[in-house]
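A short write-up of the structure that comes next.
Protein chains get the first letters and strands the later ones, always in sequence-line order, with residue 1 at the start of each.
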There are 2 protein chains.
Amino acid sequence: MSNASCHCIALRKATRKLSSLYDAALAPLGINVGQFSLLRRVRRFGPVSLTDLAEYLDLDRSTVGRNTKVLERMGLLTVATGRDQREALLSLTDAGRQVVEDGAPLWDAVQGNIETRLGAERLAQLHDILNDIQTDC
Amino acid sequence: MSNASCHCIALRKATRKLSSLYDAALAPLGINVGQFSLLRRVRRFGPVSLTDLAEYLDLDRSTVGRNTKVLERMGLLTVATGRDQREALLSLTDAGRQVVEDGAPLWDAVQGNIETRLGAERLAQLHDILNDIQTDC
DNA sequence: TCAAACTGCGGGTATATGCACGTATCTATG
DNA sequence: CATAGATACGTGCATATACCCGCAGTTTGA
């Protein structure tokens, strides 16, 4: 079976496509799906440090640091120093909260599209498999 | 169901993990899974233009152009001008062919691991779903 | 034949992502 | 209390990825 096309490449390809779908849906807000996800995490867990946020998002800390810089420049979140002066505590600005709120229906729409297209069963299969992939290392 | 976590983010996360697995396996060769995939395509279809290769890989042409530059710098492929002087025709060098050959067993190993871990059925489900995602736009 | 339309690329711009390294800060121990 | 070790970040480096624009070479239609 290993002669089949690379599972990794197939996954990457699908990820690009799916990302572009979500990105297109959120485009009216001027943010992409990664940024939307990050903002929602900050809304939910903020004020939160970069390290903790990176853990939640399962991304490298430095990646999160750079990604937040973009959102900070956009005025969607602020970075404050905590009691521990090393910590960069992230919080949403009013604009950031607004974007998350405005984005919800847009995100719901794409998410719903995907669910309709794939159906509940295959969707469950997908998440089950993805989960396996992530927990195997 | 839309309250579940974002399908796109889940896919991206799994893609990062899986990519790093493949990358680790190919690390002895000094290339990553994307580069390995590209080299194999060039071996199979070369000499091939950037535009055609981009189509095969389902990547943006400029992305492929940049990615090939890295491999060219590594001495794994060469860029020649075709009859149509605009075309950049890609071919593997001897070193490139060697890398593809040496990489085959390494790639087989990871690919096989994944297949063992997921099992044939779930693997078929995965590809079926990924295929759907890609063809829906 | 000659200009218009088309095509193939390169480069600029921007984000995403991870690793390695350096700096500032905190903490625990002698 | 001073210092070694741990922790939180930032930055440099490298690749991945896409979009847009402009240049140059090609093809085509009048």
For DNA chain D, stems built from three or more consecutive Watson-Crick or G-U wobble pairs below 3.5 Å: C:1-30 with D:1-30
Start and end of chain A contact along DNA chain D [non-hydrogen atoms, under 4.0 Å]: D/dA6 to D/dA18
Side chain to side chain contact (heavy atoms under 4.5 Å, CB included) evaluation trace for B/L18 with B/V110: CA-CA 10 Å; B/L18 194 57; B/V110 216; over 6 Å; no
Cluster overlap A/V48 with A/L89, hydrophobic side-chain contacts below 4.5 Å: no
side-chain contact (heavy atoms from CB on, under 4.5 Å) partners for B/R61, two or more places apart: B/L50, B/T51, B/A54
Of A/Q85 and A/V70, the one whose closest DNA chain C nucleotide lies more 5': A/V70
Quick one: [atom1] on [X] to [atom2] on [Y], what's the gap to the nearest 0.5 Å?
X: A/R16; Y: B/L59; atom1: CZ; atom2: CG; result: 4.0 Å
X: B/C8; Y: A/W107; atom1: SG; atom2: CH2; result: 10.5 Å
X: B/Q125; Y: A/I129; atom1: CD; atom2: CD1; result: 5.0 Å

Donor-acceptor list for residues 64-80 of chain A side chains, cut-off 3.5 Å, not counting sequence neighbours:
from  : atom 1 : to    : atom 2 : distance (Å)
A/T68 : OG1    : A/V64 : O      : 3.0
A/T68 : OG1    : A/G65 : O      : 2.7

Side-chain N,O (A/N67) to OP1/OP2 (C/dT15) below 4.0 Å: no
Under-4.0 Å side-chain N/O to phosphate OP1/OP2 contact, A/N32 with C/dT15: no
Side-chain donor-acceptor contact under 3.5 Å, B/D94 with B/Q98: no
Send over the distance from [X] [atom1] to [N] [atom2], rounded to a whole Å.
X: B/L11; N: C/dA16; atom1: CG; atom2: P; answer: 17 Å
X: B/I9; N: C/dT17; atom1: CD1; atom2: C1'; answer: 13 Å
X: B/L21; N: C/dT17; atom1: CG; atom2: C1'; answer: 16 Å

Passing option when A/Y22 is tested against A/I114, A/N113, A/N32 for side-chain contact (heavy atoms from CB on, under 4.5 Å): A/I114
Nucleotide-resolved protein contact map, nucleotides 1-12 of chain C, B/S/- at heavy-atom distance under 4.0 Å: ------BSBBBB
Summary of ring-ring contact (aromatic ring centres under 6.0 Å, His included) pairs that have at least one residue in residues 42-87 of chain B, sequence neighbours excluded: B/F45-B/Y56
Where A/V100 and A/F36 come nearest, the two heavy atoms and their spacing: O-CE1, 3.8 Å
